[in-house]
Amino acid sequence: MLALAVSALMVFAAVVALLTITDTLMQARVAYGRLLAERAALEAELVVHLAAAAEMRLRPARQMRAAMPPRRPAQRPLLMQPRACAAA
């Protein structure tokens, strides 16, 4: 019974993997078609070319920070103060 359950689970995982790969291939084929159409438009000079030197950023540049935060200054050890003895 356990072998049957494991086999069914493996078949299910294989079917899911196959469907995932198929979906990815279909999306890639559509994206490739769009890329070819964009290339044809660029070669036909229907689209304005961007200057090669212009850098496009999707996010604003991060400020460079130190890898480690600055350390706190060392604390001085507390001086041991004599305690009053309750028995005295």
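Quick note: residue numbers are just sequence positions, from 1.
Residue L19 holds its CG atom at 8.5 Å from CG of D23, rounded to the nearest 0.5 Å.
The shortest side-chain heavy-atom distance between V16 and T20 falls under the 4.5 Å cut-off.
By the 4.0 Å N-to-carboxylate-O rule, E43 lies close enough to R39 to be salt-bridged with it.
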